[in-house]
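Notes follow the structure.
Per chain, numbering begins at 1; letters A, B, ... match sequence-line order. From a predicted model like this one, the values you see are computed outputs, not experimental measurements. All values below were derived from every heavy atom in this structure, side-chain atoms included, with hydrogens, water molecules and symmetry-related copies excluded.
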Number of protein chains: 2
Amino acid sequence: MPNTQPLNQDLSLTVIKTVCSTCNLRELCLPFGLSLEELERLDDLISTRRRIKRGDYLYRVGDSFDAIYAIRSGFFKTDVLLEDGREQVTGFQMGGELLGLDGISTEHHTCNAIALEDSEICAIPFARLESLSREIHTLQRHFHKVMSREIVRDHGVMMLLGTMRAEERLAAFLLNLSQRFTARGFSHTEFYLRMTREEIGSYLGLKLETVSRAFSRFQEEGHIAVQQKHVRILNVDGLKALLNQRA
Amino acid sequence: MPNTQPLNQDLSLTVIKTVCSTCNLRELCLPFGLSLEELERLDDLISTRRRIKRGDYLYRVGDSFDAIYAIRSGFFKTDVLLEDGREQVTGFQMGGELLGLDGISTEHHTCNAIALEDSEICAIPFARLESLSREIHTLQRHFHKVMSREIVRDHGVMMLLGTMRAEERLAAFLLNLSQRFTARGFSHTEFYLRMTREEIGSYLGLKLETVSRAFSRFQEEGHIAVQQKHVRILNVDGLKALLNQRA
DNA sequence: GCTTCGGCTTGATCCACGTCAACCGGGAAT
DNA sequence: ATTCCCGGTTGACGTGGATCAAGCCGAAGC
């Protein structure tokens, strides 16, 4: 497939902003581990950037698949729906993470991806990604690792849903968010939740009231300070202690 | 990497049995969609076949990863353990399915794979699979689809664990087994469970007593006939009707 | 043959979380 | 400023599945 990306021009700031090689998320995202030269070849893939407004769908169940998406900024949830309307949130995604891997299997998306705040994504045409990863060893390897990491993450969620009690689940959830915010240079003790109690509940297999009560309980016990979507972790070890203790 | 596989010899039945191109699971497994010529190149990868006795580990958490495994015959479970000993079964795998994808991410396995009956697997050295899939387009594509399918499957399990009631979970589980047995040419109405009630329970996020009661209930209602590990499905539609009905 | 043991079933009771309902508070619309 | 509405909190109560406990059955060992 020919390279359809225009060559960089000296003074174009806009071009600089649309490429992987200068993206400040490159160490978290697909470009991880690539050489400078390889990075520039990856730049050619990222033909489209798109803004997704809060509440809008990036893709829906059944949409035909032809690209995966890297989150440049913002916050998403993915979910699957049962015929009777029950929703299961399968994940929350933030900057540098990839969306759309579910679509490779059938060439149609099998879940919905919805922006929880105004967001910006890079579309990566999948056929071109495959073809480039046939040439760039490290890209191929890294892409495989990303897919595998998603599988491992899913196993963690199964563990959470299958064996943990409500407060354990919420503690695990908060610690996971904290750790991912840290990796992005944000505070690991203080953050705004982008999702509602109901969405957290759906992800954790709980009802929103149970989530709310668990938040209140954590606050009573001094582990966190919480006011609506604003969370401050006061005692990380306290939260960690809630994990891995048998019922 | 050199080809270490001996050349086929006219009369060698054992050689014929060790390659993908004549494997009767090839349409379910990695070779799916490959041409005859491509198949023969894949044959060269499968250097080792291994027998795993019932109860033995194919790999354990922490083992270093260098191959994925195709199940040639038999039945496995994969699980993850919490420090306090709680177990979550993350899946049951049968002939033609791949094991070990979890290890790609960190180059160490993150779950255990245990044979539930005497089994036989083909080890596929991962570095060589990657290198071959850089050359064979269709192999690359198919491997990506397999990984993606695993992610989609995991989403289904999350849905099950997050939103379904006990009897729905068991019905979904039985229908899933039935469908996979069908794809392998076995009866879709009658089969032996290779796993215990406790393992089913762990997979479904239930206790073994609850699983047992659900089996009994299905039997009372005429959906199935069950005696220990032997299950006969009498009314597929009855089971399907248990799904997708709100609490 | 008898015994043992692991897996399964079934009953009685308990409890974590769901359900239902009231209320609160902040942001948006008018 | 008033109203509306959505998301969140909290309380009272109900229940599905967990827990505890007893007994059953079939395979394996002696």
Side-chain angles (χ1 to χ4, degrees), chain A residues 53-55 77 84-89 114 116-117 160-171 173-174 192-221 224-231 242 245-247, chain B residues 53-55 77 84-89 114 116-118 160-174 192-221 224-231 242 245-247:
Chain A
K53 291 187 90 68
R54 180 192 148 102
K77 72 167 176 181
D84 60 20
R86 279 178 288 181
E87 176 195 33
Q88 175 70 32
V89 171
I114 300 143
L116 296 183
E117 61 182 26
L160 183 145
L161 291 170
T163 76
M164 292 188 182
R165 349 272 291 339
E167 293 188 7
E168 268 184 292
R169 296 185 199 189
L170 187 64
F173 173 71
L174 290 174
Y192 278 90
L193 299 171
R194 271 70 170 186
M195 68 297 279
T196 66
R197 299 287 187 265
E198 188 168 20
E199 287 163 336
I200 297 173
S202 171
Y203 181 61
L204 299 180
L206 301 168
K207 291 293 158 182
L208 68 93
E209 294 93 331
T210 306
V211 173
S212 180
R213 279 185 245 269
F215 269 121
S216 301
R217 193 116 206 284
F218 287 176
Q219 179 153 257
E220 280 165 32
E221 302 190 336
I224 64 172
V226 56
Q227 199 184 13
Q228 311 278 84
K229 292 192 152 64
H230 181 232
V231 173
L242 292 174
Q245 62 188 6
R246 223 184 263 276
Chain B
K53 291 188 90 68
R54 178 191 149 103
K77 73 168 176 180
D84 60 19
R86 280 179 286 182
E87 175 194 34
Q88 175 70 33
V89 170
I114 300 143
L116 296 183
E117 60 182 25
D118 291 355
L160 183 145
L161 291 171
T163 76
M164 293 187 181
R165 350 270 292 342
E167 293 187 8
E168 267 183 294
R169 296 184 199 189
L170 186 64
F173 173 71
L174 290 174
Y192 279 89
L193 299 171
R194 272 68 170 187
M195 69 295 280
T196 66
R197 299 287 187 264
E198 187 168 21
E199 287 162 337
I200 297 173
S202 170
Y203 181 61
L204 300 179
L206 302 169
K207 291 292 159 183
L208 68 94
E209 293 95 330
T210 305
V211 174
S212 179
R213 279 185 244 270
F215 269 120
S216 302
R217 192 116 204 285
F218 286 176
Q219 178 153 259
E220 280 166 32
E221 302 189 336
I224 64 172
V226 56
Q227 200 186 12
Q228 311 278 82
K229 292 191 153 63
H230 181 234
V231 173
L242 292 174
Q245 62 190 5
R246 223 185 263 277

Quiz item: So B:L204 and B:F173, side chain to side chain contact (heavy atoms under 4.5 Å, CB included) or not? Walk me through it.
Solution: CA-CA 8 Å; B:L204 300 179; B:F173 173 71; 4.0 Å; yes
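- As a whole-Å value, the separation of A:Q228 CD from C:dG26 P is 8 Å.
- A straight line from CG of B:L170 to C1' of C:dT9 spans 15 Å, rounded to a whole angstrom.
- For B:R213 and D:dT19, a side-chain-to-base donor-acceptor distance below 3.5 Å is present, hydrogens and geometry of angles not being considered.
- Distance A:Y192 OH to D:dG8 P: 14 Å, rounded to the nearest Å.
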Practice problem: Take A:Y203 and A:L160, measure what side chain to side chain contact (heavy atoms under 4.5 Å, CB included) needs, and give me the verdict at the end. | Solution: CA-CA 10 Å; A:Y203 181 61; A:L160 183 145; 5.6 Å; no
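- Within the 3.5 Å criterion, the main-chain N or O of B:T163 finds no donor-acceptor partner in the side chain of B:R169.
- Fit an axis to the five pairs at each end of the helix from C:dG1-D:dC30 to C:dT30-D:dA1 and the two axes sit 40° apart, to the nearest 10 degrees.
- Of the possible polar contacts, one joining the A:S202 side chain to the A:E87 backbone as a donor-acceptor pair under 3.5 Å is found.
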Quiz item: Between A:V89 and A:M195, is a side chain to side chain contact (heavy atoms under 4.5 Å, CB included) present by the stated rule, with each step listed?
Solution: CA-CA 11 Å; A:V89 171; A:M195 68 297 279; over 6 Å; no
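- Here the closest non-hydrogen pair linking A:I200 and A:F215 is CD1-CE1, 4.1 Å.
- When rounded to the nearest whole Å, the span between CZ of A:R217 and C1' of D:dG11 equals 16 Å.
- Here the closest heavy-atom approach between residue B:R197 and residue B:Q228 is recorded as NH2-O, 2.6 Å.
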What are the atom names and distances for every N/O pair under 3.5 Å that joins the protein to nucleotides 14-17 of chain C?
| residue | atom | partner | partner atom | Å |
| --- | --- | --- | --- | --- |
| C:dC17 | OP1 | A:A166 | N | 2.7 |

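- Taking atom CG on B:L204 and atom C1' on D:dG17, their separation rounds to 13 Å, with Å as the unit.
- A straight line from NE2 of B:H230 to P of C:dC8 spans 15 Å, rounded to a whole angstrom.
- Taking the side chain of B:S212 as heavy atoms from C-beta on, and the options D:dT10, C:dC8, D:dG7, the nearest nucleotide is C:dC8.
- Between A:K229 and the phosphate of D:dG8, there is a side-chain N or O to OP1/OP2 separation shorter than 4.0 Å.
- One can place CD of B:E198 at 12 Å from P of D:dA18, the figure rounded to the nearest angstrom.
- Regarding A:R197, its CZ atom lies at a distance of 19 Å from the P atom of C:dT19, rounded to whole Å.
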Exercise. Check step by step if side chain to side chain contact (heavy atoms under 4.5 Å, CB included) holds for A:L193 and A:V226.
Key: CA-CA 10 Å; A:L193 299 171; A:V226 56; 5.8 Å; no
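- Heavy-atom minimum distance, B:L242 versus B:F218: CD1-CE2, 3.3 Å.
- Distances were taken from every side-chain heavy atom of B:E209 (C-beta onward) to each of C:dG7, D:dT9, C:dT10; the shortest belongs to C:dT10.
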